[in-house]
*Asks:* 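Take this structure first; my questions come after.
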Amino acid sequence: MSKALSVLFLAAGLSMAAHAAPSSKVAWTVETMALIKSGDGDRGATLTERCASCHGEDGVSRSENWPSLAGQLAPYIYKQLKDYKDGQRRHGVMRALSRGLSDQDMADIAAYYAALPVPEPSEPKGGGEAAERLAKRGDGVRLIPACQSCHGRDGRGNATGGVGIAVMPSLVAQYPTYIAETLRDYKNGKRANDVYSRMRSIAAELSDDEIQALADHYGTLTTE
């Protein structure tokens with residue numbers, strides 16, 4: 001084999017390896033779930049002092065561009081912190097803040113936020129028939145599953161799928177602006193830490209109007 005051909009094969013192999021890299025290094029093993037369940041919310045509260053400037057002292061974000069964390073599922077928060085630290089989810093500030101956290105620190109922070117009451121939703125806008133249809137039935141033609149099949153009928157997500165099953169976040173009362181931004185990031189590939197590329201595949205099929213409609217729909221749901 002010529003040197004040029006060898007280089008070509010090596011480059012192709014590296015490219016394939018890059019694309020084959022996991023979207024997240026978090027494995028939902030028995031040990032991982034046990035660690036998250038061991039989270040100490042009181043200790044977590046002391047670790048979130050730097051978080052309050054963006055996410056609020058009560059876990060309710062100070063800006064619609066940042067997510068509220070109050071009442072979010074602990075496994076989901078843990079995963080995002082790990083993904084930031086590992087570089088699987090790109091964000092300069094969050095990467096810097098997460099670098100000094102141990103796995104136990106992340107579990108404690110997750111426990112703290114998960115125990116806080118879910119905030120009241122933003123001003124009701126609804127989402128219209130398009131959002132209702134996508135949330136409840138999806139779109140078989142475009143292979144879009146119903147949002148509630150992962151995020152639940154009440155929008156509270158799923159943290160009980162069992163070992164090896166990805167955790168789906170709660171969307172209740174999240175800022176519509178943040179939900180829409182997240183969907184757009186999945187659509188354009190800016191965010192890529194979704195397991196099996198689920199959200200990237202779904203968001204790629206959504207129009208801008210559908211993204212906004214779904215954001216308004218879930219941003220105005222309540223826990224009642």
*Asks:* Does any non-hydrogen side-chain atom of His91 lie less than 4.5 Å from one of Leu97?
*Replies:* no
*Asks:* Taking only residues two or more places apart in sequence or in another chain, which ones pass side-chain hydrogen bond (donor to acceptor under 3.5 Å, both in side chains) with Glu205?
*Replies:* none
*Asks:* If we ignore hydrogens and angles and just use 3.5 Å, is the side chain of Thr32 paired with the main-chain N or O of Trp28 as donor and acceptor?
*Replies:*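 Here the side-chain-to-backbone pair does not exist.
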*Asks:* Are Arg133 and Asp139 close enough, and set up right, to give a salt bridge (charged side-chain N to carboxylate O under 4.0 Å, His left out), and what steps lead you there?
*Replies:* CA-CA 8 Å; Arg133 181 176 65 255; Asp139 186 330; 5.7 Å; no
*Asks:* What are the two closest heavy atoms between Ala146 and Ala135, and how far apart are they?
*Replies:*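 Smallest interatomic distance, heavy atoms only, reads CB-O, 3.6 Å.
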*Asks:* Arg90 side chain to Lys190 main-chain N or O, any donor-acceptor pair under 3.5 Å?
*Replies:*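 Here the side-chain-to-backbone pair exists.
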*Asks:* Quick one, Arg62 with Glu57, criterion side-chain contact (heavy atoms from CB on, under 4.5 Å). Give me CA distance, side-chain angles, the key distance, then yes/no.
*Replies:* CA-CA 9 Å; Arg62 300 177 184 274; Glu57 294 180 359; 4.1 Å; yes
*Asks:* Under 3.5 Å, is there a donor-acceptor pair between the side chain of Gln88 and the main chain of Pro22?
*Replies:*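 Such a contact is found between Gln88 side chain and Pro22 backbone.
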*Asks:* Give a yes or no on this: more than 12 heavy atoms of other residues, nucleotides or ligands lie within 6.0 Å of atom CZ of Arg153.
*Replies:* no
*Asks:* Look at the side chain of Arg200 and the backbone N and O of Tyr186, then say whether any donor-acceptor pair between them is shorter than 3.5 Å.
*Replies:* no
*Asks:* Can you tell me how far the NZ atom of Lys37 sits from the OH atom of Tyr78, to the nearest 0.5 Å?
*Replies:*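 The NZ atom of Lys37 sits 14.5 Å away from the OH atom of Tyr78.
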*Asks:* Would you say the side-chain atoms of Asp40 pair up with the backbone N or O of Asp108, donor to acceptor, closer than 3.5 Å?
*Replies:*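 No, the answer is negative, given that no donor and acceptor are paired below the 3.5 Å cut-off.
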*Asks:* Could Asp86 and Lys25 be called an ion pair, given the rule that one side-chain N must be under 4.0 Å from one carboxylate O?
*Replies:*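 No salt bridge links Asp86 with Lys25.
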*Asks:* I want to check something: taking the side chain as every heavy atom from C-beta on, are Lys79 and Val167 in contact at a cut-off of under 4.5 Å?
*Replies:*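 No - every pair of side-chain heavy atoms lies 4.5 Å or more apart.
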*Asks:* Answer yes or no: is there a donor N or O on one side and an acceptor on the other, between the side chain of Asp105 and the main chain of Ser102, under 3.5 Å?
*Replies:*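 The answer is yes, because a donor-acceptor pair under 3.5 Å joins these two groups.
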*Asks:* Working to the nearest 0.5 Å, report the span between OH of Tyr76 and CD1 of Ile36.
*Replies:*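 The distance works out to 13.0 Å.
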*Asks:* So, Asp194 side chain and Met199 main chain: donor-acceptor pair closer than 3.5 Å or not?
*Replies:* yes
*Asks:* What is the minimum heavy-atom distance between His151 and Pro169, and which atoms define it?
*Replies:*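 Heavy atoms of His151 and Pro169 come nearest at ND1-O, 2.9 Å.
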*Asks:* Between Leu206 and Leu134, does a side-chain contact (heavy atoms from CB on, under 4.5 Å) hold up when you go through it step by step?
*Replies:* CA-CA 10 Å; Leu206 296 174; Leu134 288 169; 4.0 Å; yes
*Asks:* May I ask you to test the Met168-Leu73 pair for a side-chain heavy-atom distance under 4.5 Å?
*Replies:*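 No, side chains not in contact.
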*Asks:* How close do Lys85 and Met106 get, heavy atom to heavy atom, and via which atoms?
*Replies:*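 Heavy atoms of Lys85 and Met106 come nearest at CD-CE, 3.4 Å.
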*Asks:* Less than 4.0 Å between a side-chain N and a carboxylate O, is that true for Asp208 and Arg184?
*Replies:* no
*Asks:* Taking all non-hydrogen atoms of both residues into account, name the closest pair between Gly219 and Pro176 and its distance.
*Replies:*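 That closest heavy-atom pairing would be CA-CG, 4.0 Å.
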*Asks:* Please examine the side chains of Asn158 and Cys150, heavy atoms only from C-beta on, and report whether any two atoms are closer than 4.5 Å.
*Replies:* no
*Asks:* With a 4.5 Å cut-off on side-chain heavy atoms, are Gln174 and Tyr218 touching?
*Replies:*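 Side-chain contact under 4.5 Å: no.
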*Asks:* If you measure from CZ on Arg156 to CG on Asp154, what distance do you get to the nearest 0.5 Å?
*Replies:*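 Atom-to-atom, Arg156:CZ and Asp154:CG are 6.5 Å apart.
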*Asks:* Can Asn193 and Gln80 be said to form a side-chain contact (heavy atoms from CB on, under 4.5 Å), step by step?
*Replies:* CA-CA 9 Å; Asn193 70 323; Gln80 300 312 307; 3.0 Å; yes
*Asks:* Side chain of Tyr175, backbone of Ser61: donor and acceptor closer than 3.5 Å?
*Replies:*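 The answer is yes, because a donor-acceptor pair under 3.5 Å joins these two groups.
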*Asks:* Can you name the closest pair of heavy atoms from Ala215 and Ile179 and give their distance?
*Replies:*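 Looks like CA-CG2, 3.7 Å.
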*Asks:* Working to the nearest 0.5 Å, report the span between OG of Ser68 and CG of Asp58.
*Replies:* 8.0 Å
*Asks:* Can you measure from CH2 (Trp66) to OG (Ser53) and round to the nearest 0.5 angstrom?
*Replies:*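 Nearest 0.5 Å value for the CH2-OG distance: 7.0 Å.
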*Asks:* Would you compute the distance between atom CG of Leu35 and atom CE of Met33 and round it to the nearest 0.5 angstrom?
*Replies:*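 If we round to the nearest 0.5 Å, Leu35:CG and Met33:CE are 10.5 Å apart.
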*Asks:* Would you say Ser207's side chain and Glu210's backbone share a donor-acceptor pair under 3.5 angstrom?
*Replies:* yes
*Asks:* Among the clusters formed by ILVMFWY side chains lying less than 4.5 Å apart, do Leu101 and Val93 turn up in the same one?
*Replies:* yes
*Asks:* Could you tell me which non-hydrogen atom of Ala74 sits nearest to which non-hydrogen atom of Ala110, and how far apart they are?
*Replies:* O-CB, 3.3 Å
*Asks:* Using atom types as modelled and distance alone, determine if a side-chain donor or acceptor of Ser24 lies under 3.5 Å from a backbone N or O of Val26.
*Replies:*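 Such a contact is found between Ser24 side chain and Val26 backbone.
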*Asks:* Can you name the side-chain hydrogen bond (donor to acceptor under 3.5 Å, both in side chains) partners of Glu129, sequence neighbours left out?
*Replies:*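 Listed in chain order: nothing, the list is empty.
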